[in-house]
Amino acid sequence: MNSLIPVRMGELKISRPPDLLGCTGLGSCVGLVLYDSEKKIGGLAHIILPQAGKNGKEVEKPGKYANTAIPLLVENLQRAGAEPEKLWAKMAGGAHMFSFVTDNDLGRIGERNVEAVERILKELKIPLLSMDCGGKEGRTIKFSLETGELAIKTFQKGEKII
Amino acid sequence: MTEQINRLTPFQIDALRELGNIGAGNSATALAQFLHREIKMEVPSARILSIEEIPEIMGGEERPVGCVLLRMLGEAPGKIVYLVEEQSMQRLLTLVLGREPGECLGELEQSAMQEIANILSGSFLNSINKMTGFNCVQSLPSFVLDMAGAVLGSIAAHEGQFGNQALFLETSFFEGDHKIFSKFFLIPEPGSLEKILGAIGAESYEQSDSRANG
């Protein structure tokens, strides 16, 4: 029996087979998986916002922001024995759940999250193998550390694997 | 900003709860008139939640909920959220529309949900405006039916831009005969809290600060 490790908002966790890592109900948040398929070590970050404030203060919760969560996830994976240059990524989330005619900053968070993650992965030269982002629907995701498959479930459309 | 929420005194929390009480009382009356039913409400609570706790306030994060979100605009910006667990929503819509809603919510059903949230938030804001002298208005409502975690997580993410915590004025509304259970939240932005507290005569943070320093 493999166990599912939940990754809550602003958290990042790493594990090995036979475990699964999962996020329940991703809205505008992004679930980012980094995986070393040779060593079979992987991690999942539940990112809330694109970027930490630029006030120079130390970030209280680095897992919350794309620009602090991703380097930390790489570091933790490396410490656990993964090779940074072997890592690849998959991601899901970044939905635009509420639509307003006059005001769109609430809707734009998802989009901005996805843009930030893509940019940072490029900077770190981590290939993004697949993604399922945007749209209006929330997603529940499960990542298998055995197979490297990311299963995505939505309320209306059922399950798919990327 | 988060620090401000942490520094709320028990007196200030009580003042906010009382504001919520009066606002929610008004809303319950308005909803009762709209539905021609008796609406009961719980005594409102003023809760300080960390961003990570927000997705769980309806129970299971995968539970389907109907959610209407409105922005509170004017002197004290914030959000207004009306949440109904899916089965309750079906019963509520049956009551409003006089027939069972289809499996897929059509425009009429969505519009009915938005109208209910409009009525609740309009009457709530009215009483806040009366107490504070503000002229806050609400935006158009936006309706979503999805997993509670995803809906609330998106709201939490927006709050997360202000800090790691948010203040929720929460009221539960019931309709007993049809077992309709719903929750109404007013989430002022941290800057708005200060203005609301000042307007209702509950010391602002600055005042208590300068006293402590001087």
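For the numbers below, each heavy atom of this structure counts, side chains included, while hydrogens, waters and symmetry mates do not.
B:L69 is not listed as a side-chain neighbour of A:M97, based on a closest heavy-atom distance of 4.5 Å or more. The shortest side-chain heavy-atom distance between B:K79 and A:F98 does not fall under the 4.5 Å cut-off. At a threshold of 4.5 Å between non-hydrogen side-chain atoms, the residues A:K61 and B:I51 do not count as touching.
A:E38 CD: 12 or fewer foreign heavy atoms inside a 6.0 Å radius. Under a cut-off of 6.0 angstrom, the local environment of CD in B:E107 is sparse, with at most 12 non-hydrogen atoms contributed by other residues, nucleotides or ligands. Counting non-hydrogen atoms of neighbouring residues, nucleotides and ligands closer than 6.0 angstrom, the CD atom of B:Q87 reaches no more than 12 such neighbours. Heavy-atom neighbours of A:K142 NZ from other residues, nucleotides or ligands within 6.0 Å: at or below the threshold of 12.
Residue A:L49 touches chain B through its side chain alone, counting heavy-atom pairs closer than 4.5 Å. If you measure heavy-atom distances from B:L152 to chain A, you find no contacts under 4.5 Å at all. Neither the backbone nor the side chain of B:E159 has a heavy atom closer than 4.5 Å to any heavy atom of chain A.
Between A:Q156 atom CD and B:M147 atom CE the span is 10.0 Å, to the nearest 0.5 Å. In this structure, A:H46 NE2 and B:E52 CD are separated by 10.0 Å, a value rounded to the nearest 0.5 Å. In this structure, CD on A:Q51 lies 12.0 Å from CD on B:Q161, to the nearest 0.5 angstrom. Rounded to the nearest 0.5 angstrom, B:L145 CG and A:K136 NZ are separated by 13.0 Å.
When A:I48, A:N113, A:T140 are compared by the number of non-hydrogen pairs under 4.5 Å with chain B, A:T140 comes out ahead.
Residues A:S28 and B:G153 come closest through the heavy atom pair OG-O, 4.4 Å. Nearest heavy atom pair, residue B:D146 against residue A:G138, reads OD2-N, 2.8 Å.
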